[in-house]
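Heavy atoms only: backbone and side chains are in, while hydrogens, waters and symmetry mates are out. To find a chain, count down the sequence lines: A is the first, B the second, and so on, and within it residues start at 1.
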There are 2 protein chains.
Amino acid sequence: MEDTKETDIPDSIRGEFEEKGGIVGIMESLPDDQTIEDIVSVARALSDPVRVRVLFALSVQPMCVCLLVAMTGYAYSKMSYHLSVLKEGGLVCARQEGNYLIYYPTDLGRRVALWIG
Amino acid sequence: MEDTKETDIPDSIRGEFEEKGGIVGIMESLPDDQTIEDIVSVARALSDPVRVRVLFALSVQPMCVCLLVAMTGYAYSKMSYHLSVLKEGGLVCARQEGNYLIYYPTDLGRRVALWIG
DNA sequence: AACCTATTTCAAACTTCTTTGAAACCACAA
DNA sequence: TTGTGGTTTCAAAGAAGTTTGAAATAGGTT
């Protein structure tokens, strides 16, 4: 005669835990998969110091890649890679001007830069 | 008779660029290294969907590791690893209760969960 | 057309992050 | 003291992210 095997719940949280509907209730209150993926892609864009600096710099002043390269000393291909990750995260975008690509923060990028700064 | 080799600046941004003190001026307005590292460590903590879900779940309800394991179906060692990354990012902490470790969000963790949610 | 210059793309090497299962640890009970 | 349940640590394998330099692309000029 054995009970169904369930996880023990420590006394100090059992009450509030069950009020919240237990595991099922808590899982249902979590954001949906798409929202989670969006958060992760923004977080991933900010998870490297190069990219955080670039986002802040662009928030001060939109710039072409050559200026970012001059400012940081990194290779073009490296800067280009990091800009692409920031773009995937929806934090920056670019407009073409003649030969130049001028990168600048999106609205989201601006809000994020303000908030984390 | 050659000029010192400097990066060309596209016309459309030269004005504002120089108003801001050029490369030097912009670099000086950037956050310091420690601030950047702090941002990166929070971002890194949020750069995996497992961890984002765990942070949200803990914001709903502090839980022991065994409940998180029951909720997600992950191995203890896996959950433990992700909790340690969240802890390094300063987003969660834990209190011991008997045999259990009850994880809960820090103030920063709560603010972040509210903001990204 | 041929030629710059600014930028991206590619592939290979390298580094870091994540998963896995086994072993160790720690608080408590018998 | 031995045992047990909850959790972390460890090492090895696997996956993903980053750096590098060379080659490709694309707009503008001669």
Side-chain angles (χ1 to χ4, degrees), chain A residues 3 5-14 37 40-54 58 62-89 92-104, chain B residues 2-3 5-14 17 37 40-54 58 62-89 92-104:
Chain A
D3 287 332
K5 199 47 170 292
E6 286 186 347
T7 306
D8 279 356
I9 298 175
D11 292 342
S12 69
I13 63 171
R14 184 175 358 237
E37 282 311 322
V40 165
S41 106
V42 170
R44 183 166 129 43
L46 295 170
S47 67
D48 182 299
V50 173
R51 293 192 289 266
V52 174
R53 286 204 182 82
V54 168
L58 294 178
M63 282 183 270
C64 56
V65 183
C66 50
L67 277 177
L68 289 167
V69 161
M71 174 173 305
T72 59
Y74 300 143
Y76 270 93
S77 56
K78 182 171 174 173
M79 186 55 71
S80 196
Y81 166 70
H82 287 294
L83 286 168
S84 79
V85 178
L86 283 167
K87 198 153 54 173
E88 273 173 24
V92 309
C93 54
R95 61 173 190 269
Q96 185 133 16
E97 274 183 25
N99 237 348
Y100 299 92
L101 265 179
I102 311 234
Y103 278 87
Y104 58 97
Chain B
E2 73 286 345
D3 286 334
K5 199 49 172 291
E6 285 185 348
T7 307
D8 280 356
I9 298 174
D11 293 341
S12 71
I13 64 172
R14 189 180 347 245
F17 179 73
E37 282 311 322
V40 165
S41 107
V42 170
R44 182 165 129 37
L46 295 170
S47 66
D48 182 298
V50 173
R51 293 192 289 265
V52 174
R53 286 204 182 81
V54 168
L58 294 178
M63 282 183 269
C64 56
V65 183
C66 50
L67 277 177
L68 289 168
V69 161
M71 174 174 302
T72 59
Y74 300 142
Y76 271 94
S77 57
K78 181 170 174 174
M79 187 54 70
S80 198
Y81 166 71
H82 287 293
L83 286 167
S84 79
V85 179
L86 283 167
K87 198 152 53 171
E88 274 172 24
V92 309
C93 54
R95 62 174 189 269
Q96 184 133 15
E97 273 183 26
N99 238 349
Y100 299 91
L101 265 180
I102 311 236
Y103 278 87
Y104 58 97

Comparing A/His82 and A/Gln96 on DNA chain D - which has the more 5′ nearest nucleotide:
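Nearest-nucleotide comparison on DNA chain D picks A/His82.
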
Taking 4.0 Å as the cut-off, does a side-chain nitrogen or oxygen of B/Arg44 come that near to OP1 or OP2 on C/dT16?
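So the side-chain polar atoms of B/Arg44 never come under 4.0 Å of the phosphate oxygens OP1 or OP2 of C/dT16.
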
Can you tell me the distance, in whole Å, between the [atom1] atom of [X] and the [atom2] atom of [N]?
{"X": "B/Asp48", "N": "D/dA15", "atom1": "CG", "atom2": "P", "answer": "16 Å"}
{"X": "A/Glu88", "N": "C/dT8", "atom1": "CD", "atom2": "C1'", "answer": "14 Å"}
{"X": "A/Arg95", "N": "C/dA6", "atom1": "CZ", "atom2": "C1'", "answer": "16 Å"}
{"X": "B/Asp11", "N": "D/dG28", "atom1": "CG", "atom2": "P", "answer": "13 Å"}

Mind checking whether A/Arg51 and A/Arg44 have side chains closer than 4.5 Å, heavy atoms only?
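Yes, close enough: below the 4.5 Å cut-off.
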
Any side-chain heavy-atom pair of A/Leu83 and A/Val65 under 4.5 Å:
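They are in contact (side-chain heavy atoms under 4.5 Å apart), so the answer is yes.
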
Just how far is it from atom NZ of A/Lys87 to atom OH of A/Tyr103, taken to the nearest 0.5 Å?
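One gets 4.0 Å once the value is rounded to the nearest 0.5 Å.
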
When rounded to the nearest 0.5 angstrom, what is the spacing between SG in A/Cys64 and OH in A/Tyr104?
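Nearest 0.5 Å value for the SG-OH distance: 14.5 Å.
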
Could you tell me if A/Lys78 sits above the aromatic ring of A/Tyr74, with its cationic atom closer than 6.0 Å to the ring centre and no more than 45 degrees from the axis?
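That pair qualifies as a cation-pi contact.
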
Any donor and acceptor pair, going by atom type alone, linking the side chain of A/Arg53 with main-chain N or O of A/Asp48 inside 3.5 Å?
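It does not hold such a pair.
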
Could you run down nucleotides 1-14 of chain D 5' to 3' and tag each one B, S or - for protein heavy-atom contact under 4.0 Å?
----BSBBB-----

